[in-house]
Engineer: 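My questions will all concern the structure given below.
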Amino acid sequence: MNRPTKIVTAAAQGFSFSRRAMVLGIGQAAVGTLLATRMGWLAVAENEHYKLLSESNRVNMTLIPPRRGWIVDRYGAPIANNRTDFRVDIIPERLENKAHVLGELQQLLALTADDLSRINTDLDRAAGFKPVQVEENLSWDKYAAVGVRLPDLPGVQPTRGFARNYPLGAAVAHLTGYVGTASAEQYKKERDPLLVTPGFKLGKDGLEKALEQRLRGKPGAKRVEVTARGKPVRNLDTRPDQQGQTVRLTIDAGLQEYAARRLAQNSGSAVVLDVLTGDMLAMVSMPAYDPNSFSQGIGKLEWKMLSEDDHVPLMNKVLQGLYPPGSTVKPMHGLALLQNGISPDQTVNCRGVLQVGTGRFHCWKRGGHGPISMRRAIAQSCDIYFYTMARDLGYDRFAPTAREMGLGARYDLPFLTQYYGTVPDSAWKEKKYGKPWTVADSINASIGQGYLLVNPMQLAVMAARLAGGRAIVPRILLDQPHRPAASLGLDPEHIKIIREGMWAVVNGGGTGGRARMHIPGVEMAGKTGTAQVRRITRSERASGVLGNAALPFKLRDHALFVGFAPVDNPRYAVSVVLEHNGHLIPDQDAPPTASDILSYLFDREKAVARLIELEKTWGGDIQTRMKTKWDAFLAAQKAPVPPTPEDVESATSNVVEKAATTDRTASPTAAQNGVRGEGND
C-alpha cells in the first residue's frame, strides 16, 4: 500500500529552518558563555597559580642549607664547627650519559676507584630527587674546573657552602657523633625539601643526632633566572639562612683529646667527672672513627675495616659497653658493710681459698693474706675478706648501697642509646630466671663478677659519690651554671674509712701503686680491678692457668681502675676500662692511664710531656696510628669489597648492638676460678 506523498510548503520549510537555527544559536551561545567563563576563571581566579608556574619556568627557587650550630667546650673551644666547602653533586634525574660524565669528573677531580665505586652505588640507590655527593672539600682550582665545563656535564651541580668539621677528629667521635645526608626513607616520611637539598646534612649519631633541632638552624633561599633549558642567567635575590644554636658542653676539649691519646692502643674508655657538680669533663671511647670521614660519605673499604674490627671502633663504650666491674666495687662493698654494722677492724683470715659446700673460691693471692681487716682488704684487694662477708650477710644487703652509688642507674644524657647494666639481688634473679639466689651468687657479686654488670659512666659516678658523699648525676650540657650536688647523707666516718683504704691502694703498698701521681702535693685514691671473661677449668688449674699473654684478645681479662684526687679534698673522679687488656703492657695498663689523665688537670705541661714520650713507643699519635692501620688494611685486601650499606646509621647500630650483647659478661663462676692479675696492679 502506497503512503500519500507529504507536501512541503514554503511556510513549513521556513519554520523548520528557524527552529534549527535557534537551537544552533543557543548551543553556540552556551559554548561561548562556557569559554568566556573558563577564560575569566583562568585570568582572574587562577591568575596567581599560573603566574607562579610561569615564574617557576623562568626562575628557580633553591634552598640554602643552614649552617649548623657549633658545639663548643666549657671554655668556648670548638669541638664541632663549620668550614667553607666547595663541593660537587650529581642530580640523578638530570644525569645524561653517566659513563661520560663520571669519566670527566674522574679526570677533573682525581677520583679514585673507591670513589667511583661509591658514586655508582649511590646513583643506583638514589631516587631522582636525591643528590649524590661526588666530592666535597675541594680546592678552588678543582671547583672552578668543574664550573667552566658544566655545559658538557648535565646533572652535575657544583655548590659553595659549609661543611661540618671536627677539629679533634677521632678523639670526639663518640661524643659528637657525625652528620650525613638524609636517607630516601627519611625524605618519604617527612617530605621536607630541605632533606634533599645538595649540601644539607643532619645528625646521625651522638650529640649531633640528639640535639638535631637545636643545631639545625633555618634554611635560606635564592632565586635564579634560568633559560628554558635550565641554564642559569643571573641571580635575582637571596634570603640568608639562620645558623643553628651554639651548644656549650661541660667537656674540657684539651682533656678530652689528652685522654683519647693516653688510651694508647687499647680498646677501652675513660670518663672524668667533677666531684662537686657532676660535670662531665671527658668522655672518651677508643678506638674510634674519624667523624670527618663519616660526614664526607664513608667509602666501602673504610666501612669494611671499621665494621669488622674486633675492637669495635663504632661503639661508644662509655654508654654502650657493659662489663663486670671486678674489684673496683670493693670500696663500695666496704661502705655497704659499714652501713650494715660491720666494724672496720673486724678481721677475716685469708688462706687463699674459701670452701663453701662443694665449691672452692680462690683469692687472687694463692698463699692468702692472713688475718685482714677492711682497710687492708681494700688496699690489697683481698677476695676472701669479701667472700666471707657476702656469704655471711647475703648480697641483698650489698645491693642497696650499689644502687645508691649509681650502679644500674639511668642518667638523663643527650645520647639516644645507652645500656644500664644490672645490680642483681634475689628478687631480680627470681624474676629473670625463676631460680633462687645462692651463696655462690653472693660470693661472685662481692668481687664484681657474676651477674653484676656496669657501664664506665656508672663506675665514674660511683667513684665521685664515694669521694665526696654527694648525689652526683653526670651532666654534659652547660646550659646554666651547675651547682654542687646535694649530700647523700652518708656517715662522714664511713667515707673517711673508705678513703683511707683507697688511698692505701695507690700510696700505701696496695695493688694500684702504678697509679701514684707524680705531682707534688697531689695524691690519688683509687681501686684496681680485673674482670675475668672466661671460665678456667679444673684441669687447666691443675696443669697451670694460662696467662693473658697466651690467650687470644677476646679471652683476656678486662683491666679497670676508678679513682679520685686530691685525696684530702676530692675534686675530680675518673674511671678507666680497658677491654681485654690483660695487664700485659705496664704503661698501657689502667692505673697509670688514669693517673696521667688526672695529672693533666693539675700540671698540664708535665702530663703532655710524658705523653709525647710514651707515644714514641706506641707508633705515634692517634692520626699516625690510624694511618698506619689503614695502610695495612689496604695492603691486605685481595677479594672484592662489598659496597657501603645504604643506611650507614642503621648498619652502625647493628654492629654496636651485636658487640654490646655478645661476650661482654663475666664468667658466671669467676670467683670459683679465681681472679688473676690484681697483685700486678
Side-chain angles (χ1 to χ4, degrees), residues 315 317 319-330 332-333 336-337 340 354-362 383 386-411 417-459 461-462 529-538 540-541 554-555 557-558 560 577 579-580 656-675:
M315 172 186 279
K317 297 176 178 68
L319 297 175
Q320 297 174 313
L322 292 178
Y323 311 89
S327 295
T328 60
V329 297
K330 287 176 179 175
M332 178 192 71
H333 286 164
L337 294 175
N340 280 281
L354 178 67
Q355 185 80 33
V356 178
T358 59
R360 291 171 60 84
F361 296 87
H362 299 269
D383 296 323
F386 291 96
Y387 293 162
T388 303
M389 293 298 178
R391 178 197 63 186
D392 296 344
L393 292 180
Y395 197 74
D396 281 6
R397 306 282 286 276
F398 290 75
T401 301
R403 297 188 182 101
E404 185 180 25
M405 291 298 106
L407 302 190
R410 303 189 177 201
Y411 302 121
T417 305
Q418 299 181 51
Y419 292 90
Y420 306 103
T422 302
V423 176
D425 56 21
S426 56
W428 170 86
K429 186 179 180 183
E430 182 66 36
K431 180 179 180 181
K432 186 171 181 64
Y433 296 108
K435 296 180 180 180
W437 189 264
T438 67
V439 173
D441 292 332
S442 292
I443 290 175
N444 273 299
S446 73
I447 62 163
Q449 300 274 177
Y451 296 118
L452 186 59
L453 287 175
V454 301
N455 67 37
M457 180 62 70
Q458 293 166 346
L459 287 177
V461 171
M462 178 188 73
T530 300
Q532 189 174 301
V533 298
R534 72 186 186 98
R535 180 172 183 174
I536 302 173
T537 64
R538 289 190 177 184
E540 182 183 345
R541 185 173 295 283
K554 284 291 187 179
L555 296 182
D557 301 333
H558 299 318
L560 307 93
V577 178
E579 293 183 336
H580 309 292
V656 171
E657 176 71 17
K658 181 179 179 181
T661 56
T662 303
D663 188 31
R664 308 194 67 79
T665 60
S667 166
T669 57
Q672 290 173 286
N673 296 332
V675 177

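Predicted model only: the values in this text are computed from it and were never measured.
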Engineer: Search all heavy atoms of G406 against all heavy atoms of Y411 and return the closest pair with its distance.
Structural biologist: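 The pair with the smallest heavy-atom distance is O-OH, 2.7 Å.
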Engineer: How far apart are the C-alpha atoms of M405 and V461, what are their side-chain angles, what is the distance that settles it, and do they pass the side-chain contact (heavy atoms from CB on, under 4.5 Å) test?
Structural biologist: CA-CA 7 Å; M405 291 298 106; V461 171; over 6 Å; no
Engineer: Pair V656, T417 - check side-chain contact (heavy atoms from CB on, under 4.5 Å), show working.
Structural biologist: CA-CA 10 Å; V656 171; T417 305; 5.8 Å; no
Engineer: Find the distance between OG1 (T401) and CE (M462) and round it off to the nearest 0.5 Å.
Structural biologist: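 With rounding to 0.5 Å, OG1 (T401) is 12.5 Å from CE (M462).
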Engineer: Not counting sequence neighbours, which residues clear side-chain contact (heavy atoms from CB on, under 4.5 Å) with A402? List them please.
Structural biologist: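 Testing A402 for side-chain contact (heavy atoms from CB on, under 4.5 Å), a comparison that skips the adjacent residues, returns M332, Y395, L407, V423.
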Engineer: Decide yes or no for D383 and H362: does some side-chain heavy atom of the first lie under 4.5 Å from some side-chain heavy atom of the second?
Structural biologist: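 Not in contact.
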Engineer: Check the orientation of H333 and F386. Use parallel for under 30°, tilted for 30 to 60°, and perpendicular for over 60°.
Structural biologist: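 Answer is tilted, since the angle falls between 30° and 60°.
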Engineer: Where is the tightest heavy-atom contact between K554 and V533, given as atom of each residue plus distance?
Structural biologist: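 Result for this residue pair: O-CG2, 3.7 Å.
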Engineer: Any side-chain heavy atom of V577 within less than 4.5 Å of one from K317?
Structural biologist: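 In short, these two side chains do not touch, never coming nearer than 4.5 Å.
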Engineer: Between H558 and P324, is any pair of side-chain heavy atoms under 4.5 Å apart?
Structural biologist: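 Contact flag for H558/P324 side chains = yes.
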Engineer: Do you know the tightest heavy-atom contact between P400 and D396?
Structural biologist: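 Looks like CD-O, 3.1 Å.
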Engineer: Quick one: does E657's side chain have a donor or acceptor within less than 3.5 Å of a partner on A659's backbone?
Structural biologist: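 No; zero donor-acceptor contacts below 3.5 Å.
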Engineer: Test of understanding: with side-chain contact (heavy atoms from CB on, under 4.5 Å), list the residues that count as partners of T422, not counting sequence neighbours.
Structural biologist: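 side-chain contact (heavy atoms from CB on, under 4.5 Å) list for T422, sorted by chain: P424, W428.
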Engineer: Under the side-chain contact (heavy atoms from CB on, under 4.5 Å) rule, what do K429 and T438 come out as? Steps first, then yes or no, please.
Structural biologist: CA-CA 10 Å; K429 186 179 180 183; T438 67; 4.3 Å; yes
Engineer: Give every donor-acceptor pair under 3.5 Å between a side-chain atom in residues 451-458 and any protein atom, sequence neighbours left out.
Structural biologist:
{"unit_1": "N455", "atom_1": "OD1", "unit_2": "M457", "atom_2": "N", "d": "3.1"}
{"unit_1": "N455", "atom_1": "OD1", "unit_2": "Q458", "atom_2": "N", "d": "2.8"}
{"unit_1": "N455", "atom_1": "ND2", "unit_2": "Y419", "atom_2": "O", "d": "2.8"}
{"unit_1": "Q458", "atom_1": "OE1", "unit_2": "N455", "atom_2": "N", "d": "3.1"}
{"unit_1": "Q458", "atom_1": "NE2", "unit_2": "A409", "atom_2": "O", "d": "3.1"}
{"unit_1": "Q458", "atom_1": "NE2", "unit_2": "Y420", "atom_2": "O", "d": "2.8"}

Engineer: Would the distance check show the side chain of D441 and the main-chain N or O of W437 forming a donor-acceptor pair, the cut-off being under 3.5 Å?
Structural biologist: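 Answer holds: no.
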Engineer: Does the side chain of I443 come within less than 4.5 Å of Q449's, by heavy atoms?
Structural biologist: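 Contact flag for Q449/I443 side chains = no.
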Engineer: Do the non-hydrogen side-chain atoms of L459 and L560 ever get within less than 4.5 Å of each other?
Structural biologist: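 In short, these two side chains touch, coming nearer than 4.5 Å.
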Engineer: Hey, does D557 have a side-chain heavy atom less than 4.5 Å from the side chain of H580?
Structural biologist: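 SC-SC contact between H580 and D557 ruled out.
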Engineer: So, for G421 and L322, which heavy atoms are closest and what is the spacing to 0.1 Å?
Structural biologist: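 Heavy atoms only, the tightest pair is N-CD2, 3.5 Å.
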Engineer: Measuring from S446:OG to K330:NZ, what's the distance to the nearest 0.5 Å?
Structural biologist: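 Nearest 0.5 Å value for the OG-NZ distance: 7.5 Å.
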Engineer: Any chance you could lay out the side-chain contact (heavy atoms from CB on, under 4.5 Å) test for R410 and Q418, step after step, and finish with the verdict?
Structural biologist: CA-CA 8 Å; R410 303 189 177 201; Q418 299 181 51; over 6 Å; no
Engineer: Within this structure, what is the OH-OG distance for the pair Y387 and S442, rounded to the nearest 0.5 Å?
Structural biologist: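 Rounded to the nearest 0.5 Å, the OH-OG separation comes out at 13.0 Å.
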Engineer: Salt bridge check: are D425 and R403 linked by an N-O gap of less than 4.0 Å?
Structural biologist: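 Yes, charged N to carboxylate O under 4.0 Å.
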